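Contents: one structure, followed by commentary.
Since the structure is predicted, the reported quantities are computational estimates derived from the model, not experimental observations. Protein chains get the first letters and strands the later ones, always in sequence-line order, with residue 1 at the start of each.
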Amino acid sequence: MTRSAEVQRRIYALMVLMKAADDRLSKGIGTGEFICVYWPSRGQEAIAAAMGISLRRDDQLVTTYRGLHDLIGKGVPLEEIYGEMMGRTLGASRGKGGTMHIANPEAGVMLSTGIVGAGPPVGVGLAMAAKRKGLDRVTVVSFGVGATTTGSFHEAANMAALWDLPVVFVCQNNLYAEMTPTRDTMKLEHVADRAAGYGMPGVRVDGNDPLAVATALDEALNKARHGDGPTFVECVTFRFRGHYFGDRMRYIPKDQLDSALAADPVPRFRAHLLDTGVATDEELTRVEAVAAQQVETALQTVMSADAPSIDELDRDVYATPIRFPV
Amino acid sequence: MADFVVRIPRVSVAVSEAELVELLVDGGQHVEEGAPIYVIATEKVEQEIEAGASGTVQWTGEVGTTYDIGAPIGVITA
Ligand SMILES: Cc1ncc(C[n+]2csc(CCOP(=O)(O)OP(=O)(O)O)c2C)c(N)n1
Ligand SMILES: [Mg+2]
């Protein structure tokens, strides 16, 4: 499918914003400007940008700790994301949840989880709710390859297929789970082949090509929306900064990292837009400057916001708060 | 622009302190944002730390001292 120039420019703007948001965190933590813990998504932007243009606002998303790009794609304001990562009141969870716990139901982001494999069953529950309510919204669950080797993934995939639930499993295959290469954790060469075991279609796409991902997603979303059940979409990509910020990546062979960096989705899509005449160099440079400025403004807003007060401690935790002694 | 306070960065999830092992630039010298300006050691691993801003650096940290993450060790004045 060919995308309009406008859609392609939107994809690029999203990718650039995701990259700028990741780069700024990396720079700020690395130079001691601020302290925060995060799991970088640099390198995986094409997948999240494709989700950003393919999902409707009322479609729902469940993601993981490595969710900065996914959250931006789904339209969570940058201040809420950074605010949560840095423990400030304007964070999505009022600064009490941290990087791993960012949700924004208005934008359709229902859960970010740090428990590997915990997302798929929750996504299946959300899809079941939509089906029972007669809504035509779809739930997308985003996770890594490591998650597909958990029992909870198996249970979720099985039920989703059995009940033709409106869910799309998006596996961001970055070739590692923490420090372990995928080939050391599963016999299958292609994760998408797992789908056959549940009786659902499994497709494998170049996760560094946002147009390829969007095409696969559109088909999966369309099926799910029309009652034809789930799809498993494997998007092959790489994470450039390792598992967590500060990961020295000694376990990644240099030639593998070099070739992954050479396939960086952001400059690659930029070159595509120039080659096909969709945008000019000046236009794209402006998009990049706007993204950097947007990130800087969000960061400064967050840095000048307060940390949650002690009164916030048990708010949102219990329906009837038990006042913890402090 | 406001002065940039040079602080000991949290370079890895599990570290709470780091030793300042070397200053790569003398106090009073100009530094460029992104250039390595000092070295810290955490968990026996040494790492060069880049300048977070451009300007003239002045050091308050002492080489050989172990600091908590976030502790100020200098300032860069634009
Ligand atoms: C149930 C559970 N087991 C182990 C961990 C520790 N852990 C955190 S991330 C991770 C690797 C997950 O890899 P993958 O699913 O490929 O996602 P990626 O980090 O590559 O995005 C592991 C094992 C965890 N958080 N939860
Ligand atoms: Mg992985």
Side-chain angles (χ1 to χ4, degrees), chain A residues 19-20 22-42 64-68 82 85-88 98-101 114-116 176-179 239-252 292-293 295-297 299-304 307, chain B residues 1-25 31-61 65-78:
Chain A
K19 176 181 183 295
D22 198 282
D23 285 344
R24 190 64 185 86
L25 283 176
S26 178
K27 175 183 169 228
I29 304 169
T31 60
E33 186 182 355
F34 49 78
I35 294 172
C36 106
V37 174
Y38 91 114
W39 292 265
S41 54
R42 187 65 265 282
T64 71
Y65 47 90
R66 197 182 312 287
L68 176 63
Y82 272 8
M85 290 178 147
M86 305 204 193
R88 308 297 167 114
T99 308
M100 289 202 192
H101 303 108
I115 310 294
V116 173
Y176 285 87
E178 287 191 317
M179 285 80 201
R239 20 145 254 211
F240 296 153
R241 296 200 159 109
H243 178 55
Y244 48 70
F245 179 82
D247 180 349
R248 302 174 77 84
M249 304 197 281
R250 293 226 169 88
Y251 55 91
I252 301 180
Q293 189 52 54
V295 165
E296 200 55 41
T297 304
L299 179 68
Q300 296 317 323
T301 306
V302 165
M303 298 291 270
S304 58
Chain B
M1 231 190 78
D3 289 352
F4 183 90
V5 180
V6 183
R7 294 178 188 279
I8 299 288
R10 173 127 129 195
V11 288
S12 181
V13 195
V15 301
S16 59
E17 52 179 34
E19 184 191 338
L20 178 57
V21 291
E22 192 184 348
L23 299 175
L24 300 173
V25 180
V31 295
E32 275 300 316
E33 181 179 326
I37 54 169
Y38 64 103
V39 180
I40 60 168
T42 53
E43 300 160 329
K44 301 194 180 68
V45 181
E46 291 196 357
Q47 191 168 339
E48 290 186 344
I49 305 302
E50 296 171 357
S54 299
T56 305
V57 67
Q58 296 294 350
W59 299 108
T60 52
T65 306
T66 295
Y67 293 95
D68 285 345
I69 296 307
I73 54 158
V75 64
I76 299 171
T77 313

Residues forming a side-chain contact (heavy atoms from CB on, under 4.5 Å) with Ala20(A), sequence neighbours excluded: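 For Ala20(A) the side-chain contact (heavy atoms from CB on, under 4.5 Å) partners, ignoring immediate neighbours, are Ala291(A), Val295(A).
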
With a 4.5 angstrom heavy-atom cut-off, could you sort out which part of [X] is near chain A: side chain, backbone, both or neither?
X	result
Ile69(B)	both
Val15(B)	neither
Ala51(B)	backbone

Taking every non-hydrogen atom, the tightest pair across Gly32(A) and Pro9(B):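 Scanning both residues, the minimum pair turns out to be N-CB, 3.4 Å.
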
All donor-acceptor atom pairs under 3.5 Å, backbone and side chain, chain B-chain A:
residue  : atom : partner   : partner atom : Å
Glu33(B) : OE2  : Lys27(A)  : NZ           : 2.8
Glu46(B) : O    : Arg248(A) : NH2          : 3.2
Gln47(B) : OE1  : Arg248(A) : NH1          : 3.0

Atom pair CD1 (Ile35(A)) and CD1 (Ile8(B)), whose distance is rounded to the nearest 0.5 Å: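 Here the interatomic distance stands at 10.5 Å.
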
